[in-house]
Amino acid sequence: MTFTDLNLIQPLLKAISDQGYTTPTPVQAQAIPSILEGRDMLAGAQTGTGKTAGFTLPLLQLLNEKKGGKPHRKIRALILTPTRELAAQVGESVKLYGKYLPLKSAVIFGGVGINPQITMLRNGIDILIATPGRLLDHVSQGTVDLSAVDVFVLDEADRMLDMGFIRDIRRVITILPKIRQNLMFSATYSDEIKTLANTLLRNPAEVEVARRNTSSELVKQSVILVDCKRKSALLGELIGKNQWEQVLVFTRTKHGANKLTEYFQKIGITASAIHGNKSQAARTKALDDFKQSRVRVLVATDIAARGIDIDALPHVVNFELPNIAEDYVHRIGRTGRAGCEGEALSLVCVDEADYLRGIEKLINKKLESRIIEGYEPDPSIKAEPIQRGRGGSGGGGNRGGGADRGTKTGHKRDGGRHEPKKYPSDGRRR
Ligand code: AMP
C-alpha cells in the first residue's frame, strides 16, 4: 500500500514524500480512510506508531476541502494533548504535512506568556493544538472562539486522565458545537477511558495497532538485577563501554532525575534532565540538545517524557521501574519506533520486585534478566518498601512525592504504597 492508495491530495503527498515516507504505517492505513469519511474514531495506538500523521493528514485534507471562503478564519480543528512537548510536536507535524496547503495553525500551552498567544488567536487560525489548562485560560478570558470546531482530536487520552485532566476535558467538550467529528487516541484502555469514549464518540471506527497493553515487538527488552546504590555506576559504565550515544533514561522522581544528571556530568557523560520543575525554556532546550546529539543522555520523569518523539531512538533505560505498570509500556514506546529496532533496559533492585511482576503481568511476558559481573546484587540486602530516602538515583531519592503532577484527581500514581515511612530501626541506608 502507498499513500496514493489512501486518496490523499497532491499537496499532502508531496509533503509526505519530502519526509521520505513511502509506506503508510498500520495506524495510518487504517485511520486515514475512516477519518476522511467523516467518522468518529477510537484508536488504540501508542507514540511511535505514526499516529500523529494518521490523524493530521486526513484532518488537513478535510479542512482544505471544506474551506468556505469565510472572511475571518475560525478554529475548525482542535487538538488537545496532555503535555507541552507533545503539543509542540503535534504542532510541528501539522506545519510539516500542511506546508503546501493554505491552512494556519497555532500551538498554545502554559508556562509561557499568554499575550503572543492572544495575538495569534486574534489573527485567525484553522487548527489549534493546545494543552487543556491554557486552553481553558483563553476560554475564560474570551480570547479563543471554539464555536466553529468541526473536528476534535483527543490525543493520548489515557495520559490526559492520568494527569487529572478529565474535568478540563469535559469542560472543553461542553463548549464545542454539538455536531462535530471526534477522534480519540489512547495507548491503553482503562474503564475510565471506555467511559469517556462512550460519552464522546458516536459510532466510532475502531483502530487497534499496538495490541491492548502490549509492548512493542520491535523493542528488545531486558532486565539487569543490581543493587539500588550501584545503579548509577553501572549505567555510567554501560554507556561508556557500549558507546551508547543517545540514551533516554527514566527515573521515578524529579529529584532522582536531577541527581542522576549531576552524576553523569561528574563522570564526564553529557546529560540533561527534563521534568515538571524545569521551566518550559529549559525543557525545550534539553530536548533539543538531546535530539541534536549535543548531550548523550536525557534523564526524564514519566510525564515530562510523554510523547517525546525522537527518530530511531536506540536506547531507553529504566533507571527505576515506574510505579504504574502502564508507564512501562509508554516509556519503552520511545524506542523501536516506526520500524526501527530499539533496546529497552531496566535496572531493577530488590525493592522493585513487585513493580517488575506487575509489568510482566501487564505485558503478559517474562522479561529476561541478567547480572553483570562486578555488580552482583548483595544477597544480604532485603527488600524495603520504596520510600523517601533510599534513592537509587544517587541517594536521597524522593520516591514517593516527586512525581510530576498526577495526583490532581486523587489518582494513585504510586498505588498508595509510598507514604513516607520510618526507616528500620537500624537506620540502614544503602
Ligand atoms: P508518532 O507515532 O506520530 O509519534 O510518529 C512516530 C515517528 O514515525 C515520527 O518520527 C514520524 O516522523 C515517523 N513516521 C510517521 N509516519 C511514517 C511513515 N509512514 N513512514 C516512516 N516514518 C513515519
Side-chain angles (χ1 to χ4, degrees), residues 1-8 12-33 35-36 41-61 79-99 105 107 127 129 153-160 183-188 207-211 214-219 246 248 287-288 290-293 298 300 304-314 316 329-342 344:
M1 152 143 358
T2 64
F3 282 101
T4 323
D5 300 330
L6 294 171
N7 292 324
L8 290 170
L12 292 173
L13 293 174
K14 189 160 162 23
I16 293 166
S17 113
D18 287 356
Q19 286 307 298
Y21 306 158
T22 51
T23 317
T25 65
V27 70
Q28 292 161 3
Q30 292 177 53
I32 292 173
I35 300 176
L36 285 177
M41 170 165 295
L42 176 61
Q46 62 191 81
T47 310
T49 53
K51 69 179 169 69
T52 315
F55 67 78
T56 305
L57 291 166
L59 179 80
L60 287 163
Q61 182 151 331
I79 304 172
L80 276 193
T81 71
T83 64
R84 300 161 186 181
E85 281 76 14
L86 188 60
Q89 266 169 216
V90 171
E92 275 168 32
S93 296
V94 168
K95 284 219 156 66
L96 207 67
Y97 302 130
K99 66 182 177 181
S105 61
V107 180
I127 304 163
I129 304 106
V153 182
L154 198 57
D155 197 10
E156 308 213 340
D158 49 348
R159 183 53 53 138
M160 293 262 196
L183 313 173
M184 180 166 154
F185 289 77
S186 186
T188 54
V207 168
E208 179 81 58
V209 287
R211 265 169 298 129
T214 52
S215 37
S216 163
E217 267 141 38
L218 282 167
V219 182
Q246 204 179 30
L248 178 61
L287 187 56
D288 203 46
F290 185 60
K291 281 189 177 178
Q292 304 302 323
S293 300
L298 185 66
R306 184 71 184 147
I308 285 181
D309 173 21
I310 298 150
D311 279 336
L313 182 61
V316 167
V329 179
H330 291 303
R331 286 180 178 191
I332 72 162
R334 255 88 308 245
T335 180
R337 300 161 72 76
C340 303
E341 273 200 31

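Quick note: numbers below take in every heavy atom, side chains included, and nothing from hydrogens, waters or symmetry partners. Atoms within a ligand are numbered from 1 in the order they appear, just like the ligands themselves. Numbering of residues begins at 1 and proceeds along the displayed sequence.
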If the cut-off is 4.0 Å to any non-hydrogen atom of [X], which atoms of ligand 1 fall inside it?
X: Thr25; answer: 17 (C), 18 (C), 19 (N)
X: Thr52; answer: 1 (P), 3 (O), 4 (O)
X: Phe3; answer: 19 (N)

Could you walk me through whether Thr81 and Ile129 satisfy the side chain to side chain contact (heavy atoms under 4.5 Å, CB included) test, starting with their C-alpha distance in whole Å, then the side-chain angles of each, then the deciding distance to 0.1 Å, before giving a yes or no?
CA-CA 7 Å; Thr81 71; Ile129 304 106; 4.2 Å; yes
Indicate, as side chain, backbone, both or neither, the part of Thr23 found under 4.0 angstrom from ligand 1 when only non-hydrogen atoms are considered.
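Looking at Thr23 and ligand 1, just backbone atoms fall under 4.0 Å.
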Of the backbone atoms (N, CA, C, O) and the side-chain heavy atoms from C-beta on, which set of Gln19 has a member under 4.0 Å from an atom of ligand 1: side chain, backbone, both, or neither?
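Near ligand 1, Gln19 shows nothing, with every heavy atom at 4.0 Å or more.
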For ligand 1, is there an N or O atom under 3.5 Å from any N or O atom of Tyr21?
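Right, the criterion is met.
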Between ligand 1 and Ala53, is the shortest N or O to N or O distance under 3.5 Å?
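Not met; the criterion fails.
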If you define the side chain from C-beta out and look only at heavy atoms, does anything of [X] sit under 4.5 Å from [Y]?
X: Leu183; Y: Ile35; value: yes
X: Gln19; Y: Tyr97; value: yes
X: Phe55; Y: Met41; value: no

Verify side chain to side chain contact (heavy atoms under 4.5 Å, CB included) between Val90 and Val107, making sure each step is shown before the conclusion.
CA-CA 9 Å; Val90 171; Val107 180; over 6 Å; no
Take Leu8 and Leu57 through the test side chain to side chain contact (heavy atoms under 4.5 Å, CB included) and record every step on the way to the result.
CA-CA 8 Å; Leu8 290 170; Leu57 291 166; 4.3 Å; yes
